[in-house]
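Reviewing the structure listed below.
Model, not experiment: these values are computed from the prediction. Letters go in sequence order (proteins before strands), and every chain restarts at 1.
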Protein chains: 2
Amino acid sequence: MDSDANIPGSAKPTINDIARLSGVSKKTVSRVINRSPLLNEETRKRVDDIIRETGYVPNPQARALALRRNFLIGLVHDNPNAQMVLGMQQGILSVLKGTEYELIVRPVDRGSTTLVADVRSFLERQRLHGVVLLPPISEDDGLARLCDELGCRYVRMGSAELDDAAHMVASNDQDVVHEAVSYLIGVGHRRIGIITGPTGFRSAWERRQGFERALADAGIAVDPALVVEGSYRFESGLGAASKLLDCSPRPTAIFASNDEMASGALHAARRLGLDVPADLSIIGFDDTAIAAHIWPPLTTVRWPIVEMGKAAARKLLAGTIDAQPEVPGEALFLSQLIHRASVAPPK
Amino acid sequence: MDSDANIPGSAKPTINDIARLSGVSKKTVSRVINRSPLLNEETRKRVDDIIRETGYVPNPQARALALRRNFLIGLVHDNPNAQMVLGMQQGILSVLKGTEYELIVRPVDRGSTTLVADVRSFLERQRLHGVVLLPPISEDDGLARLCDELGCRYVRMGSAELDDAAHMVASNDQDVVHEAVSYLIGVGHRRIGIITGPTGFRSAWERRQGFERALADAGIAVDPALVVEGSYRFESGLGAASKLLDCSPRPTAIFASNDEMASGALHAARRLGLDVPADLSIIGFDDTAIAAHIWPPLTTVRWPIVEMGKAAARKLLAGTIDAQPEVPGEALFLSQLIHRASVAPPK
DNA sequence: TTGTATGCGTTATCAC
DNA sequence: GTGATAACGCATACAA
């Protein structure tokens, strides 16, 4: 397919070439490109044919300048966990594929006092079509207001519904943890420990709430000694689990707020010569690659992260000519408990 | 800091505003922005002051249109493995941080017959400053030529030096695998199996070469039955290892061409009731999160992937005003063997 | 050393 | 329905 068929010098055709070749004005070509409704179907077709013949593609830079808006989607995050960033990227990109939109990745530093200012200058400069905000910075209402102020569409991803459906892609962390812990209780566990995520993370709070609610619903009091905070990292899981396993009586099960810490807990158990799941049951959260590949395979919670990425992109594209049918109620995504081999009844 | 200080209506200042405020022409302002050498130091300073006062930032869209070149770096890949994509991203972004460049991620499908055409239209449309090509598509010389033709800078990442230093960021896979296998031989192993990567991947070939060279150097013949191909996925590692462990006499050590397959091999050993490392030694490749978190912690090869990402970005930025000092000879990156607990002398 | 005129490729305005 | 003309904000060629 020679896309430069009618253009001498092999320069890429511009809107002017199309206008000349099809005997209409630039503006009319522009109308065809942008699917203007008030257009004679006949001229529409003629121009469209020329466009196809020449392989003309509008120049994104020129459009961006004229429209004061880029055809770019931003992924703004603070590197929470690799699995999440990559999964979201994958979901977003799969929706963007075939459209005129591209993905631009922008890590930020949530510790920085200039976070909002940084994002502001980024958005002002790049004039993005929209952004996806990942946790934990997605929990910052200031950023959402900033997007509104700058006229930049946004979708927040999070562990709870902290915005309206058009701006939110949420998972039901609290409920699924409730289910997981209830399952532990169901097979007979009574002393259950939790390794929480770090204070300040909404996901940490939601998961802990699910844990406590499950205990409460079963009439079990929460023993403060069985609640230890972690940082979502392997070492913190190792340390927290060691602490938990020092308690007496020892807990017979541990819910770790993510897989990495769960795998740390597994190591802690092994150091003490404890068999998992015979002596200690463990449930994680995330269903990362680790979960299925460690021994024993980890019972954990699977987050439909890629689907959430797709939903986020669809929300951002809503109303454009690249819009895809949006599934109604596509704001809340249900995580599910994946049963593997790290849970057994207590001895 | 009110960046709209002197601008009524709070519109962002343009080059015209700066020119007016500092009493010079647009062109002079443009020269200041682009660090033109032939400039009166005095006017330079005056304009610079105004720029700082107003918080003026040149509009990237307008620059892109005028320069026919965007301030964007592309990461083009075919989703080889999550660790690699993310590591490269991290490295690239850390170099791009603070510059005017942004990162745009573009997954492609190497199976598609239109791969080159797809990349071409992507590059033609986006007018990127440069691209980073990840394996396995980085091994495609056609893509490199395409970049040259389109005047798009590029850097290829790979397991061997398949381009000149300015366009290549390579790791020494063959040598480090030679080292790893020699180490196995050194502690006494004689029957060593290998789970290779899929045919057609340069990395697979390099690693296998390293394996065979190490055996040859030790005067050990390669037993074809001890060479099994995998797909770089967990299941293939499980299957390949099962095959290897079926041989008699059984191999006492296995080199798996990546961690995911190594972890599959670990599961295969466990199924047979074999103890690692007492009955079977295993070495992986990648040093992914899995490696340190499985049991026993996996001896593996660490790839300086983030550093390679940084180097790639630095090469792409060379010659720009955002250029960073480039370490000489920054084309070959040395992987290293990470000793953990999955290797022991044979019984 | 600095300024003027013009172009980059598209969209918006407002006529016809 | 369609078209001439002026933005959009910056850079380049060529003068001065």
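Judged by distance alone with a 3.5 Å cut-off, no donor-acceptor contact links the side chain of A:Arg68 to the base of D:dG9. Below the 3.5 angstrom threshold, one finds no donor paired with an acceptor across the side chain of A:Arg44 and the base of D:dG1. You won't find any donor-acceptor pair under 3.5 Å spanning the side chain of B:Lys27 and the base of D:dA11, going by distance alone.
At the heavy-atom level, A:Ser36 lies nowhere under 4.0 Å from the strands shown. Across all strands shown, B:Leu67 has heavy atoms under 4.0 Å from sugar-phosphate atoms exclusively, and none from any base. Using a 4.0 Å heavy-atom cutoff across all strands shown, B:Val29 reaches no nucleic acid atom at all. Within 4.0 Å of A:Leu39, counting heavy atoms only, lie sugar-phosphate atoms of the nucleic acid but no base atom.
At most 12 non-hydrogen atoms from other residues, nucleotides or ligands lie less than 6.0 angstrom from CD of A:Glu42. Atom CD of B:Glu41 is surrounded by more than 12 heavy atoms from other residues, nucleotides or ligands within 6.0 Å.
When rounded to the nearest whole Å, the span between CZ of B:Arg20 and C1' of D:dG9 equals 14 Å. Rounded to a whole Å, the CG atom of B:Asn16 is 13 Å from the C1' atom of C:dT4. The OH-P distance, from B:Tyr56 to D:dG9, rounds to 10 Å in whole Å. Rounded to an integer number of Å, the gap from B:Arg69 CZ to D:dT12 C1' is 16 Å. Put simply, CD1 on A:Ile33 is 10 Å from C1' on C:dT11, counting in whole angstrom units. Taking atom CG of A:Asn34 as the reference point, atom P of C:dG9 lies 17 Å away to the nearest angstrom. Atom-to-atom, CD of A:Gln61 to C1' of C:dC8 comes out at 10 Å; the value is rounded to the nearest Å. At whole-Å resolution of the value, CZ in A:Arg31 and C1' in C:dA12 are 10 Å apart.
With a 4.5 Å cut-off on side-chain heavy atoms, A:Arg63 and A:Glu100 count as touching.
Note that CG of B:Leu143 and SG of B:Cys152 are 11.0 Å apart. Values are rounded to the nearest 0.5 Å. For the atom pair A:Ile73 CD1 and A:Ile104 CD1, the distance stands at 10.5 Å (nearest 0.5 Å). If you take CZ on A:Arg106 and CG on A:Leu72, they are separated by 12.5 Å, rounding to the nearest 0.5 Å.
Dashed line: the shortest gap from a side-chain N or O of B:Thr43 to OP1 or OP2 of C:dT2 is under 4.0 Å. In this model, the phosphate group of D:dA11 is approached by a side-chain N or O of B:Arg63 to a distance below 4.0 Å at OP1 or OP2. Under 4.0 angstrom from either OP1 or OP2 of D:dG3 there lies at least one side-chain N or O belonging to A:Thr28. Between B:Asn59 and the phosphate of D:dC8, there is no side-chain N or O to OP1/OP2 separation shorter than 4.0 Å.
Listed nucleotides C:dG9, C:dT11, D:dT2 differ in distance to A:Leu65; the shortest reach to its side chain belongs to C:dG9. Taking every side-chain heavy atom of B:Ser25 into account, C:dT4 is the closest of C:dC8, C:dT4, D:dG3. Nearest to the side chain of A:Ala62, among C:dG9, C:dG7, C:dG3, sits C:dG9. Side-chain proximity of A:Ile15 to the nucleotides C:dT11, C:dT2, D:dT2 is greatest for C:dT11.
Between B:Asp49 and B:Arg46 there is no salt bridge, since no side-chain N of the basic residue sits under 4.0 Å from a carboxylate O of the acidic one. B:Asp141 has a carboxylate O that lies under 4.0 Å from a charged side-chain N of B:Arg156, or vice versa, which qualifies the two as a salt bridge. Remark: A:Glu102 does not engage B:Arg125 in a salt bridge, criterion side-chain N to carboxylate O under 4.0 Å.
When each of B:Gly23 and B:Lys26 is assigned the nucleotide of DNA chain C with its nearest heavy atom, B:Gly23 is the one assigned upstream, toward the 5' end.
An end-to-end axis angle of 30° holds for the helix from C:dT1-D:dA16 to C:dC16-D:dG1, taken from five base pairs per end and rounded to 10°.
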